[in-house]
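Heads up, the thing below is written out as structure tokens.
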Number of protein chains: 2
Amino acid sequence: MKDFTNTLREHNLKATPQRLEIINAIYEYGHISIDKLYEEVKNKFSSISLATIYKNINAMIENLLLEEVKLPNEKSVYEIIKDKHSHLLCTKCNNIVDVDIALNTISKEISEKLNFTVQQSDLVLSGICKDCK
Amino acid sequence: MKDFTNTLREHNLKATPQRLEIINAIYEYGHISIDKLYEEVKNKFSSISLATIYKNINAMIENLLLEEVKLPNEKSVYEIIKDKHSHLLCTKCNNIVDVDIALNTISKEISEKLNFTVQQSDLVLSGICKDCK
DNA sequence: CTGACTGCAAACGTTTTGCACGGTA
DNA sequence: TACCGTGCAAAACGTTTGCAGTCAG
């Protein structure tokens with residue numbers, strides 16, 4: 001189990017046992033929904049409250065440690081902030097994987113043609129993953 | 001005011017006055033949130049209920065007349081289903097415009113490299129539009 | 001030791017449901 | 001006329017808040 005104590009402190013968050021469990025679960029899953037996270041953390045911290053999950057998710061988002069990923073036809077999932085990337089969502093097994101897709105060319109084109117400055121791009125490609133075929 | 005009577009019937013929905021007003025408002029706005037839609041339709045149908053708005057949005061989504069557009073840091077908006085396209089979201093004025101971005105090349109690449117069959121792609125580019133600069 | 005965090009319960013906002021009535025086809 | 005749709009009120013759901021007790025730094 002990876003130790004996120006310093007990561008949390010660097011983001012101005014105290015490293016409580018509950019919080020370490022939460023961030024670790026998110027890390028291990030890669031992408032996780034609130035419900036799954038609650039279920040998962042409850043295994044090790046049976047007394048944890050859903051309110052604590054929400055408070056922590058929000059605190060970590062505010063402190064730029066986590067971000068929400070909105071998905072078509074699905075509940076949002078949360079992931080640790082890392083380099084820009086897109087998501088592949090398998091509509092059969094619901095698995096999500098990160099992919100590095102170059103959107104710079106597209107952003108540049110939009111900037112030039114429409115005079116719209118792109119600051120952020122969110123791309124989700126939905127379909128069937130190789131394991132589900 | 002465009003007449004959506006036949007469009008509704010073709011999607012197995014009765015053309016009630018409320019429904020015509022709802023679909024027309026969505027059409028005129030291009031992209032609209034539930035709240036704005038309720039507010040807008042209430043101007044012409046002061047007796048309309050929020051429940052009716054929800055029931056209709058859901059019915060039209062189920063009958064493939066509408067689709068939800070999930071946006072980063074914003075409430076979802078709804079639009080009439082049309083040809084595949086992406087969205088530009090201005091984070092200053094909150095305006096949304098459709099853009100035709102070719103994602104086929106990307107989808108093909110993903111298919112070949114990762115053996116993932118892309119069926120749908122959702123792209124939102126957020127930034128500053130030309131009017132807000 | 002102090003401010004931040006936890007867990008509980010209550011509150012809140014959003015969306016859905018049940019039902020009686022009314023309107024479309 | 002039969003069924004679908006509307007509007008109201010209540011219920012359900014997901015998320016946030018307030019507070020008292022606890023813990024990390």
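Since the structure is predicted, the reported quantities are computational estimates derived from the model, not experimental observations.
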Value in whole Å for how far the P atom of dC8(C) lies from CD1 of I53(A): 12 Å
Which whole-number value in Å describes the distance from H11(B) NE2 to dC4(D) P? 18 Å
What's the separation between atom CZ in F116(B) and atom OG in S126(A), rounded to the nearest 0.5 Å? 6.5 Å
Less than 4.0 angstrom between a side-chain N/O of N56(B) and OP1 or OP2 of dG5(D), yes or no? no
Using the closest heavy atom to pick a nucleotide of DNA chain C for each, name whichever of N58(B) or P17(B) lands nearer the 5' end. N58(B)
With a 3.5 Å cut-off and just heavy-atom distances, do the side chain of K14(B) and the base of dG22(C) make a donor-acceptor pair? no
Is there a side-chain contact between Q18(B) and the phosphate of dG7(D), meaning an N or O under 4.0 Å from OP1 or OP2? yes
Does dG7(D) have OP1 or OP2 sitting under 4.0 Å from an N or O in the side chain of T52(B)? yes
Counting only heavy atoms not in Y27(A), do more than 12 sit closer than 6.0 Å to its OH atom? no
Gap between atoms CD and P, on E21(B) and dT6(D) respectively (whole Å): 12 Å
Nearest whole angstrom, please: distance from the P of dG5(D) to the CD of E62(B). 11 Å
Please tell me which of A51(A) and D35(A) maps to the more 5' nucleotide of DNA chain D, matching each residue to the nucleotide holding its nearest heavy atom. D35(A)
Just compare dG5(D), dG7(D), dG7(C) and give me whichever is closest to any side-chain atom of L13(B). dG5(D)
Separation of L50(A) atom CG from dT6(C) atom P, in whole Å? 14 Å
Compare the minimum distances between each of dT16(C), dC8(D), dT24(C) and the side chain of K55(B), then state the nucleotide with the smallest one. dC8(D)
Sugar-phosphate, base or nothing in reach of A15(B), heavy atoms under 4.0 Å: sugar-phosphate
Looking at D98(B) and K82(B), does any basic side-chain N land under 4.0 Å from a carboxylate oxygen? yes
Donor-acceptor pair, side chain of T52(A) and main chain of I48(A), under 3.5 angstrom: no
Integer-rounded Å distance: dT6(D) P and I22(B) CD1: 7 Å
Would you mind classifying the nucleic acid contact of T16(B) as base, sugar-phosphate or nothing, using non-hydrogen atoms under 4.0 angstrom? sugar-phosphate
Rounded to whole Å, please give me the gap between CZ in F45(A) and P in dC8(C). 13 Å
What is the separation between atom NZ on K75(B) and atom P on dG13(C), rounded to the nearest whole Å? 11 Å
Rounded to the nearest 0.5 angstrom, the NZ-CG distance for K44(B) and N24(B) is 6.5 Å
